[in-house]
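The next block holds one structure in the form of structure tokens; read it before the comments.
Note on naming: letters A, B, ... go to the chains in the order of the sequence lines (proteins, then strands), and numbering restarts at 1 for each one. What's counted below: heavy atoms across the whole structure, side chains too, no hydrogens, waters or symmetry copies. What you are looking at is a predicted structure, and each value in this text was computed from that prediction instead of being measured.
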Amino acid sequence: MIWNPNKECMSLDERRELQGRRLRKIVTYVYHNVPFYRHKLQEMDITPDDIRTIDDIVKLPFTTKKDLRDNYPFGLQAAPQSEIIRIHASSGTTGNPTIVGYTRKDIGVWTECMARCLTAYGVTRNDIFSVAYGYGLFTGGLGAHNGVEMVGASVVPASTGNTEKHVKLIRDLGITGIACTPSYALYLAETMDRMGVTKNDINLRVGAFGAEPWTEQMRTEIEERLGLKGYNIYGLSEVMGPSVSYECEMQHGSHINEDHFFPEIIDPVTLERLPNGQTGELVFTTLTKEGMPVLRYRTRDLCTLLDGECECGRTTVRMGRIQGRSDDMLIIRGINVFPSQVESVVLSMPEFAPRYMLIVDRVNNLDTLTVQVEIRQEYFTDVFDTPAAIDALEKKLSARLKSVLSIAAKVQLKAPNTIERSQGKSAHVIDKRNL
Amino acid sequence: MIHQLSIFLENTSGTLITVLQQLKKANVQLISMTIADTAEYGILRIICAEPLRACDVLKEAGVAVALSDVFALELDNRPGAGADVVEAFSAAGISLSYIYTFHMRGKGIMIFRTDNAELAAQVITDNKFLTIEEEELEKWV
């Protein structure tokens with residue numbers, strides 16, 4: 001099923017024309033409403049009149065996470081505050097989160113994009129659909145929620161946590177669809193095993209999985225254990241939230257809602273745009289967003305854009321699986337974590353040396369984060385001659401990490417000079433998850 | 001009161017011997033040692049001759065080491081001697097952070113630390129407990 005065939009199945013020429021028109025409009029809009037972009041465009045000697053077709057997009061400047069951080073909190077917002085009806089926040093690379101404001105129209109576009117996804121998965125008004133992304137500042141929960149209501153299914157706002165109760169509801173209410181992270185889906189399967197609930201006791205048939213990288217092997221395992229069909233959903237709050245792209249029943253790449261989010265693949269080093277089919281960094285320009293439009297936002301996600309007709313009937317370009325990152329961001333339990341966030345916390349506490357190591361693992365299908373830090377020799381005083389005192393110190397760091405990262409991290413104190421001094425970006429991270 | 005070396009050690013093989021080798025190289029004689037351990041780390045507590053020099057040696061070697069002031073009491077050689085001492089502190093409302101004992105020259109010696117050293121010293125005086133100071137310990141070595 002297709003929610004909006006007019007947009008999802010447009011001829012390529014028609015779509016290019018639409019994208020070109022929208023690009024020119026959005027560039028004009030940010031030029032007049034966002035000083036950051038006006039200055040950038042003026043520096044490059046570009047005016048909105050230089051944008052005639054969608055191909056002119058390569059003339060535009062890139063936007064990075066750093067730009068969002070430097071303009072915290074509202075510097076990139078284009079609409080006046082009175083037009084903003086919702087604000088989400090995602091983790092920034094250091095101290096400040098990324099703030100994204102949405103106008104009523106933005107929420108409408110987002111909701112329709114979400115409805116397109118759910119319809120592609122086969123969700124209808126006859127479904128009972130559980131949203132098990134976190135509800136809150138994270139875009140996953142509310143974003144999916146609105147879409148489920150839009151298609152008319154009964155939404156169960158389960159959010160995360162209390163998994164046993166969730167399993168009970170899935171069984172007792174006959175819930176047919178679920179949106180969550182793929183690792184949470186596996187955790188759900190394990191909880192079912194523990195509770196003696198089998199896939200024959202439940203009616204799940206559709207899963208919308210995203211917010212973290214996953215593999216085909218995970219898909220096979222989730223589908224087998226929960227007895228459903230699992231579809232990828234992709235999105236990021238800087239661009240909108242979940243539903244930037246979604247898989248159809250063919251399960252071979254995610255269709256991008258490219259009438260709203262124009263994708264490009266660039267070489268992350270030369271910043272040259274690459275032809276479809278080549279792997280590089282995914283870049284999005286929001287074509288219709290009012291609250292916080294972004295021009296050529298560098299997602300840092302590495303993937304490939306796939307041309308070609310899809311048997312489902314949609315003509316939109318598809319993106320392949322995310323193959324990695326062009327920066328050091330980690331996705332842990334669906335939450336973006338930057339080593340630099342950990343660094344800023346560690347550096348703020350004089351008890352620890354300015355060295356740290358993040359160890360990410362997956363235990364029973366749940367991601368775990370351990371942060372190793374060294375106690376600084378001069379701060380190891382007689383106060384710390386009992387395990388209780390050391391534990392309290394670990395807890396103090398752990399609490400600060402929790403408030404900055406939004407996920408729990410276990411702190412492991414190490415002796416001075418035992419953590420390798422690192423060179424290069426990934427040297428602060430040991431990721432054992434094998435994704 | 002006497003000095004105790006308190007050392008942060010990771011609970012992995014090789015960490016203890018590295019510290020002890022440093023002390024051996026510096027010709028420091030150990031009198032007693034004990035480890036309060038957790039799954040991931042331990043606090044090694046050492047009573048030794050010349051603790052200040054030993055501490056400097058370990059610091060120089062990059063070890064996380066601190067000097068803790070602890071009480072050393074001589075215990076009578078009879079059943080109940082330990083209970084009597086702890087009971088006196090307990091009655092005074094003093095809690096002990098940790099405690100360990102060793103024998104030296106036929107005498108039982110109890111090491112303990114408390115956050116309320118002043119009150120502990122008072123209890124020791126009132127009960128006429130015998131304390132041992134660093135110079136005495138070092139004479140025995």
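Applying a 4.5 Å heavy-atom cutoff, the residues of residues 103-133 of chain B that approach chain A are B/R113.
With sequence neighbours left out, the side chain to side chain donor-acceptor pair (under 3.5 Å) criterion links B/E60 to no other residue.
Taking both residues in full, the closest heavy atoms of B/A66 and A/F380 are given as CB-O, 3.3 Å, listed atom of the first, atom of the second, then distance. Taking all atoms of both residues into account, the shortest heavy-atom contact from A/A415 to B/E10 is N-OE2, 2.7 Å. Counting all heavy atoms, side chain and backbone alike, B/A64 lies closest to A/P416 at CB-CD, 3.6 Å.
Atom CD of B/E87 is surrounded by 12 or fewer heavy atoms from other residues, nucleotides or ligands within 6.0 Å. With a 6.0 Å radius and a threshold of 12 heavy atoms from other residues, nucleotides or ligands, A/Y135 has its OH atom above the threshold. No more than 12 heavy-atom neighbours from other residues, nucleotides or ligands sit within 6.0 angstrom of NZ on A/K168. Taking a 6.0 Å sphere around CG of A/N162, one finds it holds more than 12 heavy atoms contributed by other residues, nucleotides or ligands.
Contacts of B/F8 with chain A are made by both backbone and side-chain atoms, with heavy-atom separations under 4.5 Å. Heavy atoms of B/I7 lying under 4.5 Å from chain A belong exclusively to its backbone. B/L5 does not touch chain A: none of its heavy atoms, backbone or side chain, sits under 4.5 Å away. The contact between A/F384 and chain B is made entirely by backbone atoms, counting heavy-atom distances below 4.5 Å.
In this structure the side chain of A/D385 reaches within 4.5 angstrom of the side chain of B/Q4, judged on heavy atoms. In this structure, B/Y41 and A/I375 have side chains that are not in contact, with every pair of non-hydrogen atoms separated by 4.5 Å or more.
Ranked by heavy-atom pairs under 4.5 Å with chain A, the list B/V63, B/T38, B/L9 is led by B/V63.
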Exercise for review: Could you go through the side-chain contact (heavy atoms from CB on, under 4.5 Å) check for A/I390 and B/I43 one step at a time?
Suggested key: CA-CA 9 Å; A/I390 300 278; B/I43 307 290; 3.9 Å; yes
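Distance check, rounded to the nearest 0.5 Å: NZ of B/K59 to CD of A/E378 gives 9.0 Å.
Salt bridge annotation for A/K414-B/E40: absent, with no cationic side-chain nitrogen under 4.0 angstrom from a carboxylate oxygen.
Listed for the A/Q377 side chain is no donor-acceptor partner under 3.5 Å among the backbone atoms of B/V65.
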